[in-house]
Amino acid sequence: MAAPRVDLADIQGLLRYGYGHHTESVFLALRVRDRAAARAWLAQADVANAVPQAPLPATVLQVAFSAEGLAALGVADDITAAFSPEFVAGMADPPERSRRLGDTGANDPAGWPWGTGPRTAHVLLLLYALPGGLDAFEQATRARYAMAFDLVARLPTVDMGGVEPFGFTDGISQPAVDWTGTRRMGEDKVLHYGNDVCLGEFVLGYRNEYGLYTDRPLLDPQRDPQALLARAEDQPDKADLGRNGSYLVLRQLEQDVAGFWRWIDAATQGDPTERELLAAAMVGRTKSGEPLAGCGDRGLNAFDFDADPDGLRCPLGAHVRRANPRTADMPAGTGGLLSQLVRTLGFDATARRHDLVASARLHRLLRRGREYRLAAEGRQGLHFVALNANIARQFEFVQTAWIASAHFNGLSGEVDPLLGTRSTAAGCADAFSRPSDDCPNRRETGLPQFVTLRGGGYFFLPGLRALRYLMEESR
Ligand code: HEM
């Protein structure tokens, strides 16, 4: 890996590492009980940065705040208000957001055990440990902050060896983040899908895929008398509170594993080969991770869907195809200059439909989720964690325009086969199309809901200088 041009000592490690060797982790959703004690503890907390370490640290602590949390910690209102609108409003507000995200019916925030109203998390602590080390780390951490916070939710995780509860290998596809800043984006269209993504798509304060700087709180330097913050690259007369930070989206997604396989067994009449084929079609990869679109011997992540425009190999609505359609800026191929012009002017109806799935590079997510299993309650699922610089353009777009859309990619009456709520604003969406060469109209119907949202929130994962500023100044 080439030398980064960024100050890794100022970036929380989760932006750079999945902490895969730290197989034990727990997330603590907290509310501020004693503001002064909370600020004092957070100001000196040993939060891990992104500098590579050998040997690996035995334990890792990461810290993030909700907008309500910043207010509860006494951060000045105008500073909190300068964060992005969706962060300021929160995941569960207003109801219109819940509708767009598919957080209705069984997913409605009204039914969440945590994450809304008085159970909105103020502070999220993410604790990671090498095998055998988590219990002591968690106890010591909780003892140290004891008076400062009340626990809203303790979210334990389980190491399932890289396999999510339905039985599929997860965490294969991640964007290749350009830590060296060599990727230059601007006006030019990108004509082929690639996995490289500008640092500014994930870390605030750097250029993004538009060649621009994502909005973030930029302060008058007088608000930062100790000069704790770096100056903004694009506006050097401003102190950059966002720099080296990111937004963290957390969603507790409970998986009905028995229901998933029961429905598949019924749909395939128990045929063992068909059962695996249908499940793989819903994901877009086999259980061991091979993409249905094919990748030859180039590795499990080197593929796109250009050679499969009708979804004959990987269904158009498969989870991985919705989550990342791997399109370039002109999705149905580059075409000649005239065809590009016709499309750019909006005269081509098919192209207009395709435009919704175009430019996947503008909608990438760094996924850092962990599985959980609560044996006593018989519940399991995924604590979905995504990092992004722009919640609206990245997480919310992927979730609303692709995963929860009943019109994705020209389909109708279906949403994500793994994640979808089957009743949408567009009516019932309980189908799943999986055409093949010999059966172009093959369509399953009556899919029940397999995944239920049990809580969540939008958080700001600050750079470490920004963390100190927020806890020591910022009133
Ligand atoms: C219980 C819930 C979920 C399950 C079981 C699940 C499962 C999977 C699996 C098995 C893969 C393929 C492995 C890989 O490519 O890494 C995958 C990929 C992916 N998922 Fe999910 N997922 C869930 C929720 C979500 C949510 C809520 C989102 C975003 C809103 C999401 C976004 C993605 C993305 C972006 C990829 C990579 C696609 C690619 O680049 O090819 N997933 N997921």
Side-chain angles (χ1 to χ4, degrees), residues 18 20 91 100-103 107 157 160-176 193-197 201-202 247-257 259-261 279-295 299-305 314 317-327 357 360-373 379-388 391-405 408 415-421 449-456 458:
M91 184 184 282
R100 281 188 294 111
L101 293 173
D103 298 350
N107 288 359
T157 75
M160 295 181 62
V163 176
E164 56 70 40
F166 290 143
F168 288 82
T169 308
D170 200 2
I172 302 169
S173 171
Q174 292 283 15
Y193 171 78
N195 200 32
D196 295 334
V197 186
E201 289 294 306
F202 305 105
Y247 289 108
L248 185 154
V249 174
L250 171 62
R251 282 163 84 78
Q252 180 178 351
L253 297 173
E254 200 135 289
Q255 295 174 240
D256 178 5
V257 176
F260 177 76
W261 288 106
M282 291 163 77
V283 174
R285 290 185 185 266
T286 63
K287 275 186 180 162
S288 52
E290 283 92 29
L292 300 192
C295 58
L300 292 180
N301 204 30
F303 67 96
D304 58 35
F305 302 104
C314 177
H319 174 63
V320 300
R321 198 158 179 173
R322 284 182 179 263
N324 179 7
R326 297 180 182 237
T327 45
V357 295
R361 68 193 173 90
L362 303 176
H363 312 289
R364 300 300 306 276
L365 300 169
L366 259 184
R367 289 176 300 140
R368 296 289 191 238
R370 296 261 171 152
E371 284 75 34
Y372 70 89
R373 186 183 290 134
R379 295 171 176 273
Q380 56 188 322
L382 175 69
H383 292 307
F384 174 83
V385 173
L387 299 175
N388 49 187
I391 298 176
R393 175 165 63 79
Q394 293 170 269
F395 165 69
E396 288 196 345
F397 184 92
V398 172
Q399 176 72 29
T400 59
W402 292 351
I403 285 181
S405 166
F408 174 78
V415 291
D416 188 295
L418 298 188
L419 302 182
T421 45
Q449 181 171 340
F450 302 121
V451 171
T452 306
L453 181 61
R454 304 272 298 159
Y458 290 158

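One-based numbering, in listed order, for ligands and for the atoms of each. Quick caveat: nothing in here was measured; it's all calculated off a predicted structure.
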For [atom], what is the nearest protein heavy atom, given as residue, atom name and distance?
{"atom": "atom 4 (C) of ligand 1", "value": "Leu382 CD2, 4.2 Å"}
{"atom": "atom 39 (C) of ligand 1", "value": "Ser173 OG, 3.2 Å"}
{"atom": "atom 5 (C) of ligand 1", "value": "Glu164 OE1, 3.3 Å"}
{"atom": "atom 15 (O) of ligand 1", "value": "Arg285 NE, 3.2 Å"}
{"atom": "atom 41 (O) of ligand 1", "value": "Arg326 NH2, 2.6 Å"}
{"atom": "atom 38 (C) of ligand 1", "value": "Asn324 CB, 3.7 Å"}

Open item on the list: Contact between ligand 1 and Gly381 is defined here as a heavy atom of the residue under 4.0 Å from a ligand atom; is it met?
Closed with: no
Open item on the list: Check contact between Arg321 and ligand 1, using heavy atoms of the residue and a distance below 4.0 angstrom.
Closed with: no
Task: Cys295 vs Asn301 side-chain heavy atoms within contact, under 4.5 Å - done: no
TODO: Between Asn301 and ligand 1, find which residue part has any heavy-atom pair under 4.0 Å and reply side chain, backbone, both or neither.
DONE: neither
Output yes when a side-chain donor or acceptor of [X] lies under 3.5 Å from a complementary backbone atom of [Y], and no otherwise.
{"X": "Gln399", "Y": "Leu101", "value": "yes"}
{"X": "Glu164", "Y": "Gly167", "value": "yes"}
{"X": "Arg326", "Y": "Phe303", "value": "yes"}
{"X": "Arg322", "Y": "Ser405", "value": "yes"}

Out of all atoms in ligand 1, which are within 4.0 Å of some heavy atom of [X]? Include the element for each.
{"X": "Ile403", "result": "28 (C), 29 (C), 30 (C)"}
{"X": "Phe168", "result": "10 (C)"}
{"X": "Phe395", "result": "30 (C)"}
{"X": "Gln399", "result": "27 (C), 30 (C)"}

Task: Full working for side chain to side chain contact (heavy atoms under 4.5 Å, CB included) between Val451 and Phe166 - done: CA-CA 10 Å; Val451 171; Phe166 290 143; 4.0 Å; yes
Open item on the list: Short of 2.8 Å from atom 21 (Fe) of ligand 1, name each protein N/O/S atom, waters not counted.
Closed with: His319 NE2
Task: Over 12 foreign heavy atoms within 6.0 Å of CZ, Arg373 - done: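 Check fails, neighbour count at 12 or below.
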Task: Minimum-distance pair of heavy atoms, taken over all atoms of Arg364 and Gln174 - done: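 Closest heavy-atom pair between Arg364 and Gln174: NH2-C, 3.9 Å.
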Task: Sole residue of Val283, Leu253, Ile403 in side-chain contact (heavy atoms from CB on, under 4.5 Å) with Leu418 - done: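 Only one option passes, and that is Val283.
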